[in-house]
Participant: 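The structure follows.
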Amino acid sequence: TQAGTPGNEYFQVSWLRRSGGTWAGNSYRWAGSRYQPQAGHDLEGWSAGIKIVPDPAGLPPAPAGFEWMTYRMTTPMSGAPKGFLRMDLE
């Protein structure tokens with residue numbers, strides 16, 4: 001989705017993660033699994049900057065045992081009109 005104000009918009013994504021995990025560096029860890037959000041300006045490189053941001057209004061309630069987490073690309077859409085976000089899971 002897009003977030004921000006006109007002229008200062010960003011690509012962002014919200015996802016459900018299991019509650020009770022911990023952050024280690026740039027990864028979220030829960031029960032032996034590692035979730036690492038990634039972003040890129042094409043589908044070949046995944047090193048674009050991202051940051052965790054507050055969840056947007058209007059998300060449905062998270063199911064029991066889960067919580068919402070939202071992150072966005074740090075480069076505004078005006079500087080990079082293409083953006084891709086993914087979750088690397090191990």
Participant: Could you check whether any side-chain N or O of Trp68 sits under 3.5 Å from a backbone N or O of Pro60, counting only pairs where one atom can act as donor and the other as acceptor?
Facilitator: yes
Participant: Rounded to the nearest 0.5 Å, how far does CG of Leu85 lie from CD of Gln38?
Facilitator: 10.5 Å
Participant: What distance separates Lys82 NZ from Thr75 OG1, expressed to the nearest 0.5 Å?
Facilitator: 14.0 Å
Participant: Indicate yes or no for a side-chain donor-acceptor contact from Tyr71 to the backbone of Val53 under 3.5 Å, with no hydrogens or angles considered.
Facilitator: no
Participant: Got a donor-acceptor contact below 3.5 angstrom from the Trp30 side chain to the Ser19 backbone?
Facilitator: yes
Participant: Would a 4.5 Å heavy-atom cut-off, applied to side chains only, mark Pro54 and Thr70 as touching?
Facilitator: no
Participant: Are Phe84 and Trp46 close enough, and set up right, to give a side chain to side chain contact (heavy atoms under 4.5 Å, CB included), and what steps lead you there?
Facilitator: CA-CA 9 Å; Phe84 301 90; Trp46 296 99; 3.7 Å; yes
Participant: Hey, what do you get for CE (Met87) to CZ (Arg34), rounding to the nearest 0.5 Å?
Facilitator: 10.5 Å
Participant: Rounded to the nearest 0.5 Å, what's the gap from CD1 on Ile50 to CE on Met73? Could you check?
Facilitator: 9.0 Å
Participant: Is there a chain of hydrophobic side chains (I, L, V, M, F, W, Y, each step under 4.5 Å between heavy atoms) that links Phe66 to Trp23?
Facilitator: no
Participant: If you take all heavy atoms of His41 and Ala48, which pair is closest and at what distance?
Facilitator: NE2-CB, 3.7 Å
Participant: Which class fits the ring pair Tyr28 and Tyr35: parallel under 30°, tilted 30 to 60°, perpendicular over 60°?
Facilitator: tilted
Participant: Would you give the length of the straight line joining atom CD of Glu67 to atom CH2 of Trp15, rounded to the nearest 0.5 angstrom?
Facilitator: 8.5 Å
Participant: Rounded to the nearest 0.5 Å, what's the gap from CG on Leu16 to CZ on Arg18? Could you check?
Facilitator: 10.5 Å
Participant: Report yes if the side chains of Pro37 and Arg86 come closer than 4.5 Å at any heavy-atom pair, otherwise no.
Facilitator: no
Participant: I'd like to know if the side chain of Asp88 reaches the main chain of Gln36, judged simply by a donor and an acceptor atom lying under 3.5 Å from each other, with no hydrogens or angles considered.
Facilitator: no
Participant: Could you verify whether a donor N or O on one side chain and an acceptor N or O on the other, from Asp55 and Ser14, lie under 3.5 Å apart?
Facilitator: no
Participant: With a 4.5 Å cut-off on side-chain heavy-atom distances among I, L, V, M, F, W and Y, is there a chain of contacts connecting Met77 to Val13?
Facilitator: yes
